[in-house]
Each structure stands twice: as structure tokens, then as C-alpha cells.
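Here is the structure we will look at.
One is the number of the first residue; the rest follow in order along the sequence. Quick caveat, the model's predicted, so the values are computed rather than measured.
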Amino acid sequence: MEFGYSNYYIIGEIISCWGSFLICVNTLLSYALYDRRQRFFLYASASTFLASFFNILSAYNIAHYSEISHFVCMLVTSLFFLMLLITPFIMTSYVCDIAIQSKKKKKVFNYILGIVQTIYFLIVILNIKTGWIFSFDSVEGYVRGPAKNITYILSSAYGISIIGTVIVNRRYLARRIFYVFILYPIISIYFVGIQFFFPRILLTGVASFTAVLFAYMTIQSYTMEINLATGLMTESRLRKRLSVQRRGGVLYVMTIENINMIQSSLDVSEINQMFLHLGEIFMAHFPRNSYILSINRLAAIGRSVDEVKLKSASVLDDIKKLSSDINSIIPIPIETCSAAIEFKKEDNDYDSMMDLINNMLVRAKASQLKNLQICDESVFADRERKRCIYKILRRELSLESEQFQVWFQPIYSINGKKFEYMEALSRLKNTELGDIPPQEFVQVAESRGLIELLGFVAFEKVCKFISDNRDTVNAVSINFSVYQMMNPNVVKNVLDTIERFSLSPSNIVMEITESIFIDNYELVMKHMMELARAGVKFYLDDFGTGYSNLTNVISLPFTTIKMDRSLVLAMEEGQRGVSLFFDLVSTFKGVGFKILVEGVETNNQNYLVERAGVDYIQGFLYSRPLPPVECVELLRRSAI
């Protein structure tokens, strides 16, 4: 009678009891208290532990029923039957939570499960009087009742409901997860079947524990390295894979550029389906080598550049088909950029490779390149150039620097017939890389966290320029970025700098683009109002280049609207452009705004904007951006 009581073999229940206890401990030490889906496994393993424990005690009572009171035998065995079906109930509810997308259907499903489980509990409790399931006789001991097979029937019913649920909702489940949910009840029913045909071998706890352990190992462990929404491995898994890669390969990354727009236009179930299909597309072309890095970025590893080129083309074709399906719901195509880099066994540093790929993706997006970008020598050269620019910025962003300069483009007054203002423009001159274009070093500053420092150093140089040329310079306009305007100390920094150079706030004109207000309206408005009350003036920059909210324009302390060059070019295309420009100028002037037009380069453009009634003109026709000394000389000549 080894590991048993009176021919009841309990070794399986002992193992189940210990194993389920370990799962409980592991989930408690991880995220069980905070993650709702982890708590399912905590509850399932806890109920399995109790079912196995009471099963062992019940087997002991059955073997020694003549030595133990009838009350204790009934109580312990009843507790076993009460615990027996809790684990199948919890796991069925868990499958429902993951597979069913509709909240209403989930509620109905769980409501039905609750009714079934409640009825079973009542039958077990009533069994104390009725003996429907079992009873204890003073002569025969443990006696099975007419409803003895109810636990087998309900266990099978729970298993069938799990299988049916995942089959009906298969399109919402990743392939791996689907097969896990199909196998889970099969494993449980297998052990329940053995118990049914061999009642002396106690396997009820084993059935629950083995099935829970299988699901726990294959699903919950994946939550650390598998994204359940797509079925793809996570970025941490990709890092590990590259670190142990025995041979070289090609890292392929695809970015969905308009994911935010798509998400805002689809409901939750549609988004889930889209991500599931994206995961299936990648796994179909890169089996066992597909990864999700972020909500809009997918990756894969290929063996060669040629293979990745072919497979990426197939991936894009499949995504176009998926995009067509989405277009039946919303008229928004899935827009992607992709890049790949070949790596060797000894040169597979993940961060370095992603840095290069990010550079390629930025260039592809800027150039609107839809085809796969392959890393070549130009990419390495571009990365090294950006690193060098970053070092130069770190070194030169100071008031004393002679390489980081501020140049000025004069602004011509129509009524005054002279240059009254000027715009400050940052320049990086005479570096070891030569003169670096503003768009290039500004992009590096933004990506490396230096853009706010760049803006305030440029502002200091502007204040010093005004202070050194008080007799000539009336006011200078300077762009302020969203990073500067979001700084909680921007008002104090600006006013302290103005005071340090003994200037008046009216000497400063801050140019603000309306894109700043999209996500930060309240804070930016607060800062603008405080600065305006101190005497700082504001221009609305680049009007006409994108989204414009006239309510913002009217309610904020702008004195001047700066028309973008695109509106000037539109006038030369036909009468509609002329009418639009003239109407805009008339409307804004009618409510008290001054109008400044930038980008005027020809006499015809100048003629049109003057006819429209603008107040100020800025452009190459009047002057290109000039170094400080030359700009001051031009202003002095203009004043004569």
C-alpha cells in the first residue's frame, strides 16, 4: 500500500498539491495582485491546492471511516466536492475573458457559468441530507449516490465550452494561444477519464493541476516575452535572440506611421483584429522570428538581404490587403516605412543596430520612401555625422560661442518704407564639418534633447545683440519651440534674461506656431498671457501650413499674423489663390491684426502682397539672412 490508503493511490494528488502551492507562491511574487489575468491563475492554483488537499484527507477518511466520526467524514468529503469544480470554472471564465471581445457577451457567458456553478454548490450542500452524490454507511463505509457522475459531466461540459468558445472566437486569438486553449480541456478530460475508469487512482487534482500548469507555462510565461494581442515575441526576446545568434543575419523593422489615426477611428474589437492579423502576416513570412517592439513597430530576423527583400515585399502586399479590409470601415490606409540592416555574428549589438535603423526610418519618412531601406555606407556616415553634430552642439551651445551664431533677416515695413524689425535665425558656422544647415542641427537637437537649450541660448544671443545695438535695433522676433513654452520656468527665464541685458520686454517678439497648442493649449496660453502682460509681443508663425483654429488666434495675445510662403505661391497659380489671400488679409486686419508675409522673392509676389494690404514683408527680394554686423549696417542705411 505504497503512497495510498486502502488501495487508494494518492501520489498524484500529493504532487498536485505541492505543485499548485508553488504556482500560488510564484504568482503572488510576480504580478498577481495587480494584473487581473494573473489573478485567474492565482485563484485556479489555490483551488487546485485545496481540492487535492481535501481529496487526500477524504481518501484517508474513507480508508479509516470506522475510526473517524460520521460528521468529519461528511464534512471533509463535502469540502472536496465543493473545491473540485472551482478550477474548471475559473479557467473557463479566463478563456472567456481573453477570447470574447464583446463586454455584453462576456457578461452573459459568466452569468451562465455562475448559475451552473451555484446549482452544483447547492447540490453538494444538499447532499449532506440527500446522499445524491455520496454518503457514509456504518457498515459499507463510503457509498456513491445516484448523481455520482455529476462532477465528470460538469468537467466535460466546462471543457467543451472552452473548446467551443475558442473555435467561435478564433479570429481574435493568436495561433499559439488558440492551440493552448484547445489542448487545455483535452488534457484535463484525459485525466478525468482515467479517474472515471480507475476510481482507486485519485487524479482529480492531477487533472486540474496538469491543465493549469500547461496553460500557466505556455500562456502566462509568454506574457513576459510574447505579446498576446499579436502572438509575436517582444523586444526583450529579440535582444536575447541577437545576443546568442550563432550566425549573421538581417534585422528587418517595419513602422506603421499613422497608427494613432487608425486607433482613434476603430473600436477596441476592430483594433484587436487588426493587430492579430498583423501578427499573423509576420508569422506567416517569418515563422519563429517575428517580434513586436512597440504599438506601431514590428520586426523580424532573416537569413539574407535578398530573402528579406522578397519577404518584406510579401508582407507589404498582405498589409495592403488588410488595409483594404479596414477601408471598408474607415477610409484610412495603413502607411508604413521599413528598413533592414545586415549583421555578423561578432557585430550584433542591438542598440547600435536600432540606432541605425531609426536613422533610416527617419530618412524614409522625411523623403516619403515606401520601399524597404537597406543599411549601406551612407547610413553609417549619416549616423557618424549626427554624432559629431551632437558633440558640436554640446560644446558650442553657449552665449560666448563663435560657431553657434544668430543671423538676422530684416522685415520691411510698407507704411514706414524701411526695415523696422528682423527675425533671428540660428546658424552653426565654421565647425569641423563646415557650415551645418539649420534643419540638420535642429533635428539632431530635437532627437538628442538639446532643443530647449538651443532655443534659450539663441534667445540670449538675441538679447545681447539688441543690447549692443540699441540705437539701431527696435525689436527682434525669435521662434520659441514647444519645448521652451512647456518649461514651467519659461516666463521667469525670459523676463530675467531681458532684465539682465537691460532691455524692455517690447524689444522681444516671440514667434509661435499653432501646432504648439494641439496638446498643450492651457499651459502655453497661461505662459503667453503672463509674458504679454509684461510687454512681450507675439506673432503667429506659419499661418497657412496646416491646422488653424481661429478661436485660438483671436483669444490669444497675438499682434501679428505671419502668412506662410505657400499662400504667396498660391496667388501665382490663379485667381482663386489671389481671392483667398486677399480675403484672409482683409479679415485679420478687420479685427485688428497686423499682417506679415514671408517668402517674397519676386517683384510679382511683392506687387500682389502690397495690393492685398499687408503691413510687413520678409523675403529674399528684400534681404537674405545676414550676420549681425551686416544686418545692423543695412538697417542704418534703410533709416537714412
List the atom of [X], the atom of [Y], and the distance in Å for their closest heavy-atom pair.
X: Pro333; Y: Asn258; answer: O-ND2, 2.7 Å
X: Ser323; Y: Ile332; answer: OG-O, 4.3 Å
X: Leu79; Y: Phe54; answer: CD1-CE2, 3.6 Å

[X] versus [Y]: any side-chain heavy-atom pair under 4.5 Å?
X: Tyr142; Y: Thr77; result: yes
X: Leu361; Y: Gln373; result: no
X: Val315; Y: Phe282; result: yes

List the steps, then state whether side-chain contact (heavy atoms from CB on, under 4.5 Å) holds for Met274 with Ile259. CA-CA 11 Å; Met274 185 190 77; Ile259 189 66; 3.8 Å; yes
side-chain contact (heavy atoms from CB on, under 4.5 Å) between Leu278 and Phe275, intermediate numbers included: CA-CA 5 Å; Leu278 285 171; Phe275 279 115; 4.2 Å; yes
Give me each pair satisfying side chain to side chain donor-acceptor pair (under 3.5 Å) with a member in residues 67-76, each pair once, sequence neighbours excluded.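 Checked against side chain to side chain donor-acceptor pair (under 3.5 Å) - neighbours excluded - no pair reaches residues 67-76.
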Only one of Val305, Leu251, Ile374 passes side-chain contact (heavy atoms from CB on, under 4.5 Å) with Glu342; say which it is.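 That would be Val305; it is the only one of Val305, Leu251, Ile374 passing the side-chain contact (heavy atoms from CB on, under 4.5 Å) with Glu342.
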Using the side-chain contact (heavy atoms from CB on, under 4.5 Å) rule, take Tyr120 and Thr151 through it: C-alpha gap first, then chi angles, then the decisive distance, then the call. CA-CA 9 Å; Tyr120 171 73; Thr151 56; 3.3 Å; yes
Mind checking the [atom1]-[atom2] spacing from [X] to [Y]? Nearest 0.5 Å is all I need.
X: Ser93; Y: Lys106; atom1: OG; atom2: NZ; answer: 9.5 Å
X: Tyr291; Y: Leu242; atom1: OH; atom2: CG; answer: 7.0 Å
X: Ser352; Y: Ile357; atom1: OG; atom2: CD1; answer: 11.5 Å
X: Ile262; Y: Glu270; atom1: CD1; atom2: CD; answer: 12.0 Å
X: Arg241; Y: Asn289; atom1: CZ; atom2: CG; answer: 4.0 Å

Under a 3.5 Å distance rule, please check whether [X] uses its side chain to pair with a backbone N or O of [Y] as donor and acceptor.
X: Asn296; Y: Thr255; result: no
X: Asn127; Y: Ile133; result: yes
X: Ser47; Y: Met83; result: no
X: Asn358; Y: Met354; result: yes

Taking side chain to side chain donor-acceptor pair (under 3.5 Å) as the test, write out the residues that go with Asp351, two or more places apart.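 Listed in chain order: Arg239.
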Which residues share a side chain to side chain donor-acceptor pair (under 3.5 Å) with Gln117, sequence neighbours left out: Tyr158
Counting heavy atoms not belonging to Phe136, are there more than 12 under 6.0 Å from its CZ? yes
Summary of salt bridge (charged side-chain N to carboxylate O under 4.0 Å, His left out) pairs that have at least one residue in residues 299-309, sequence neighbours excluded: Arg303-Glu307, Glu307-Lys311
Set of residues satisfying side chain to side chain contact (heavy atoms under 4.5 Å, CB included) with respect to Asp325, sequence neighbours excluded: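 Asp325: no side chain to side chain contact (heavy atoms under 4.5 Å, CB included) contacts found.
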Not counting sequence neighbours, which residues clear side chain to side chain contact (heavy atoms under 4.5 Å, CB included) with Ile167? List them please. Ile163, Phe178, Ile182
Go through Thr165 and Phe109 one step at a time and tell me if the side-chain contact (heavy atoms from CB on, under 4.5 Å) criterion holds. CA-CA 10 Å; Thr165 300; Phe109 191 95; 3.4 Å; yes
Indicate whether the side chain of Tyr483 and that of Glu446 have a donor and an acceptor atom separated by less than 3.5 Å.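 Not at all, the side chains of Tyr483 and Glu446 share no donor-acceptor pair under 3.5 Å.
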